[in-house]
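Read through the structure below, which is laid out as structure tokens, and then see the notes.
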Amino acid sequence: MPIFQAILMGFIQGLTEFLPVSSSGHLVLTSSLYKVFTGAELIHNGPQEAFFDIILHVGTLVAIFVYFWDDIMQILKAFIKASKNKDFTSNEAKLPLFIILSTIFTLIVVFPLKDIVERILTAPVWVGVFLILTSIVLFSSEKISKKFAQKENNITIKRSILIGLAQGLAIFPGLSRSGMTIATGLATGLDRVSCAKYSFLLSIPIIAAASLLYPLVEIDYHQFINFDWTSIIAGFLVSAVVGYFCIKYFIKFLSKFSMNIFSYYCFIVGIGIIIGFSFFV
């Protein structure tokens, strides 16, 4: 993989993992466009490309840990204290349990859909379709959110289950993980900042599991020798740095503005992808 492509995809991953515009969809789109402009075939280039996608997500995982380190430590301390005292009345103490519950329901959705998703990964038109669905979900959630006179900042069992299911559906490239989870939180009465923080923390177990399990199950370790590690490391570093700043400024954005601008963006890009790859590629 050319290092320019690796850096470009690292930038796209870091920027779009946390914005509600679908990082997986943009990675498929970026890779497809790069192949079109360089004359390569629109096929998934095997283990290295799959591994590279995982490493880019690990970069954004590092960004989450760095940005939320104090929050994560405080949550863990509250959970340990609650476990010792057998008192889980604190919202912080219950948060790890809600994350586990959300993750379980995410996996319930993901596993039956895995084979379907792998078959459409090389079809950019589907990314356009799912980006339009993301647009509809974002716009609808903002409308529903306005019905709640008083927004809440606490995760509940019901919310954690619904958000987990929404995260599972985001396995489709073009359905934004952060968009689906934040939108679901908004639709259940959570405030935007609380939705965003829970969405980002919720990504930790999924990304960590994927980065560990996929190489173990899918990749022959003898293939690692032939991987372009310079490009892989460059993509990882760019993804981590861009991801950190994206979290920082996106949370500030959500504290003041709605997600409608991202809804419009997803709709326009989705239409453009469908038209472009249906008639001109």
Side-chain angles (χ1 to χ4, degrees), residues 10-11 13-21 23 54-104 106 151-157 159-160 163-164 166-167 170 176-186 188-212 233 235-257 259 262:
F11 179 85
Q13 168 62 23
L15 184 65
T16 59
E17 174 63 30
F18 306 110
L19 298 182
V21 296
S23 64
I54 293 293
I55 291 300
L56 293 184
H57 282 81
V58 174
T60 49
L61 178 63
V62 170
I64 294 170
F65 272 110
V66 173
Y67 187 86
F68 287 108
W69 183 254
D70 291 340
D71 297 82
I72 292 171
M73 290 299 101
Q74 191 171 337
I75 290 168
L76 289 177
K77 287 177 183 177
F79 178 75
I80 293 171
K81 182 179 179 181
S83 299
K84 289 180 180 179
N85 298 335
K86 297 181 180 180
D87 179 11
F88 283 89
T89 54
S90 164
N91 291 320
E92 280 189 333
K94 290 186 285 189
L95 200 55
L97 299 176
F98 289 139
I99 289 175
I100 292 171
L101 183 61
S102 291
T103 302
I104 290 172
T106 294
K151 306 295 190 300
E152 299 181 22
N153 59 9
N154 295 330
I155 305 297
T156 62
I157 291 177
R159 284 178 178 142
S160 65
I163 292 173
Q167 179 173 246
S176 167
R177 191 204 65 80
S178 63
M180 293 293 288
T181 51
I182 293 172
T184 303
L186 284 177
T188 60
L190 275 176
D191 66 79
R192 290 192 187 88
V193 173
S194 297
C195 289
K197 287 184 176 180
Y198 187 72
S199 171
F200 298 157
L201 293 173
L202 182 58
S203 70
I204 292 175
I206 289 295
I207 297 176
S211 62
L212 290 173
I233 293 171
F236 165 80
L237 292 174
V238 172
S239 175
V241 173
V242 174
Y244 174 85
F245 286 103
C246 186
I247 294 172
K248 180 178 180 179
Y249 292 109
F250 182 50
I251 289 178
K252 288 182 179 179
F253 175 90
L254 282 182
S255 66
K256 299 178 181 179
F257 305 103
M259 294 193 297
F262 298 106

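Here, residue 1 is the first one in the sequence, and each next residue gets the next number. Because the structure is predicted, anything quoted here is derived from the model rather than measured.
Here the CZ-OG distance, from F250 to S255, works out to 10.5 Å after rounding to the nearest 0.5 Å. For the atom pair L201 CG and F65 CZ, the distance stands at 9.5 Å (nearest 0.5 Å). Considering OG of S90 and CG of N85, their distance stands at 11.0 Å, rounded to 0.5 Å. The CD1 atom of I163 sits 6.0 Å away from atom SG of C195, with the distance rounded to the nearest 0.5 Å. Taking CD1 of I182 as the reference point, atom CZ of R192 lies at 10.5 Å (rounded to 0.5 Å). From I75, atom CD1 reaches atom CD1 of I80 across 12.0 Å, with rounding to the nearest 0.5 Å.
Taking the six-membered ring where the residue is Trp, F200 and F68 present tilted rings, their angle falling between 30° and 60°.
Here the closest non-hydrogen pair linking A63 and G243 is CB-C, 3.7 Å. Between I155 and F98, the closest heavy-atom pair is O-CE1, 3.1 Å. Between L190 and K151, the shortest heavy-atom distance links the atoms O-CD, 4.2 Å. Here the closest heavy-atom approach between residue S102 and residue S160 is recorded as OG-O, 2.6 Å. Between S176 and L19, the shortest heavy-atom contact is OG-O, 3.8 Å. The two residues G179 and P20 come nearest to each other via the heavy atoms CA-CB, 3.5 Å.
Shown here is K197, whose NZ atom has no more than 12 heavy atoms of other residues, nucleotides or ligands within 6.0 Å. The environment of CD1 in I157 is sparse: at most 12 heavy-atom neighbours from other residues, nucleotides or ligands sit within 6.0 Å. In this structure, F253 places its CZ atom where more than 12 heavy-atom neighbours from other residues, nucleotides or ligands lie under 6.0 Å away. More than 12 heavy atoms of other residues, nucleotides or ligands sit less than 6.0 Å from atom CZ of F88.
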What's the verdict on side-chain contact (heavy atoms from CB on, under 4.5 Å) for F18 and I251, showing C-alpha distance, side-chain angles and the deciding distance? CA-CA 10 Å; F18 306 110; I251 289 178; over 6 Å; no

Could you check Y198 against I99 for side-chain contact (heavy atoms from CB on, under 4.5 Å), going step by step and ending with a plain yes or no? CA-CA 8 Å; Y198 187 72; I99 289 175; 3.8 Å; yes

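Residues T106 and Q167 bring a donor and an acceptor atom of their side chains to less than 3.5 Å of each other.
Using a 4.0 Å cut-off between charged nitrogen and carboxylate oxygen, E17 and R177 count as a salt-bridge pair.
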